[in-house]
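Read through the structure below, which is laid out as structure tokens, and then see the notes.
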Amino acid sequence: MPEGHAIHRHGRILTALFGGDAVAASSPQGRFAEGAALLDGLRAGRAHAWGKHLFWPFLSTSEQAAAGGIPTVELGDPQATWLHIHLGLYGKWAFAGPGVAGLHGAGIRVSPTEDSGMRKTIDGGQDGTTRLVEAPTGGRDGLPEDNIQVLGELATTPTTRLRLAGPEAVAQLTGPARCEILSGEEVLGVIARLGPDPIRNEEGDRQRFVAGARRRKIPAGQVVMDQAVVAGPGNIYRADCLWRTGISPLRPANKVSESRYRELWDDLVLCMGRDVDSGIIVTIPPEFQPDPIPEGDPELSRFAVYHRTGRPCVRCGAIIREELMAGRRLFWCPGCQR
DNA sequence: CTCTGATGGCTAC
DNA sequence: TAGCCCTCAGAGT
């Protein structure tokens, strides 16, 4: 169940594992057989992420004779074959192969604790399985929170929508809400419906967010989940970043001041950007982190209000509340969010 | 074994 | 707003 930080992370990992290489693509499940056939044999470029969407360009090997390095392709480039993936609620990537060990060098932490659980690389390969490179120790939380599994064995299953194999790695995708081939023009069409992404944080994005949010009359808590206003935050960042900036999710969006929206944008930029590296969301400020860290319920050491219904707010002591907002569980503190 | 819910989002009424 | 889709871990019987 990924929020935007995980998708950016997947983009980095996929680029590090496959960028510049020709890939063998297949759809063991069969539901992406046509798309996989289009990708098969193409050379992977640098993956782009925008909000919760992944856009990954592939180029024919002939137009890549130059070789060397990872092809960087502008979002929407008409020359590329674009793989578009949206994980929805249950989508997951699994990786294996020697390249996974090199992710550390690329600045990507695959397990939350550096140097933990490393094992010797063995590339099996017969009968379609690939052996472990790094054990999923999971560090402190023990959870692959970013929907990545680094498995001891990567056998295909009846639900493997897409399998990619390159010289250094194998990646398998299960359960995506969207997995399709798009033209460059279609990529731009998808992006046109998305608001600014705090992880991209491009020129003018903050003001675009502020203006977009102020225009709405729905509750602020709904605006933060509206991907047309801001692309990337999900239920956790919605709850906790509103808490961090002291904004009540119940307040009508057009009644929140511009300066508070600027603070919220900056906070989303800070939290989400930082979590791309670890893949683990940690939104509770360090001074409020429980000490010692409780056993058995890692969420308590990571979130301030998310999944903390009925507990006292770590900042003001009021009891955290929960209600259903537009079909999603909303958590907030009635004491310090106004 | 069955049932539920989950960090999402689309479409139809 | 309800229904539906994607998958599977964890809880309940």
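Given the structure is predicted, the values throughout are model-derived calculations rather than measurements. Naming convention: chains lettered A, B, ... in sequence-line order (proteins, then strands); numbering from 1 in each chain.
Distances shown here put every side-chain N or O of T159(A) at or beyond 4.0 Å from the OP1 or OP2 atom of dC6(C). Residue R31(A) places at least one side-chain N or O under 4.0 Å from the OP1 or OP2 atom of dC6(C). Distances shorter than 4.0 Å separate none of the side-chain N or O atoms of K92(A) from OP1 or OP2 on dT7(C). Contact annotation: Q29(A) does not reach the phosphate of dC6(C) (side-chain N/O to OP1 or OP2, under 4.0 Å).
Separating the CD atom of E180(A) from the C1' atom of dG9(B) is a distance of 13 Å, rounded to the nearest angstrom. Computed from coordinates, the L194(A) CG to dC10(B) C1' distance equals 14 Å when rounded to whole Å. A straight line from NE2 of H86(A) to P of dC5(C) spans 18 Å, rounded to a whole angstrom. Note: CD1 (I218(A)) to C1' (dT1(C)) measures 15 Å, nearest angstrom. The distance from atom CG of N235(A) to atom C1' of dG9(B) is 13 Å, rounded to the nearest whole Å. Put simply, CG on L324(A) is 10 Å from P on dT1(C), counting in whole angstrom units. The NE2 atom of H53(A) sits 11 Å away from the C1' atom of dC10(B) (whole-angstrom rounding). We find that CG of L89(A) is positioned 13 Å from P of dC6(C), with the value rounded to whole Å.
Inspection of the S248(A) and R338(A) side chains reveals no N or O donor paired with an N or O acceptor under 3.5 Å. Side-chain contact annotation: H8(A) with D197(A), donor-acceptor N/O pair under 3.5 Å present. A donor and an acceptor atom, one from each side chain of W265(A) and D205(A), are nowhere located under 3.5 Å apart.
Checked against the 6.0 Å centroid threshold, W82(A) and F55(A) do not count as a close aromatic pair.
Residue-level contact check: R161(A) touches the backbone only, with heavy atoms under 4.0 Å from sugar-phosphate atoms and none from bases. Heavy atoms of Y237(A) sit nowhere under 4.0 angstrom from any nucleic acid atom.
By the 5.5 angstrom centroid cut-off and the 30-degree plane limit, Y90(A) is classified as stacked against the base of dT7(C).
Taking the C1' atoms as reference points, dC6(C) lies 23 Å from dC1(B), given to the whole Å. The separation of dG9(B) from dA9(C), taken at their C1' atoms, amounts to 22 Å, rounded to a whole angstrom.
Both V269(A) and V256(A) are assigned to one and the same hydrophobic cluster, defined by single-linkage of ILVMFWY side chains at heavy-atom distances under 4.5 Å.
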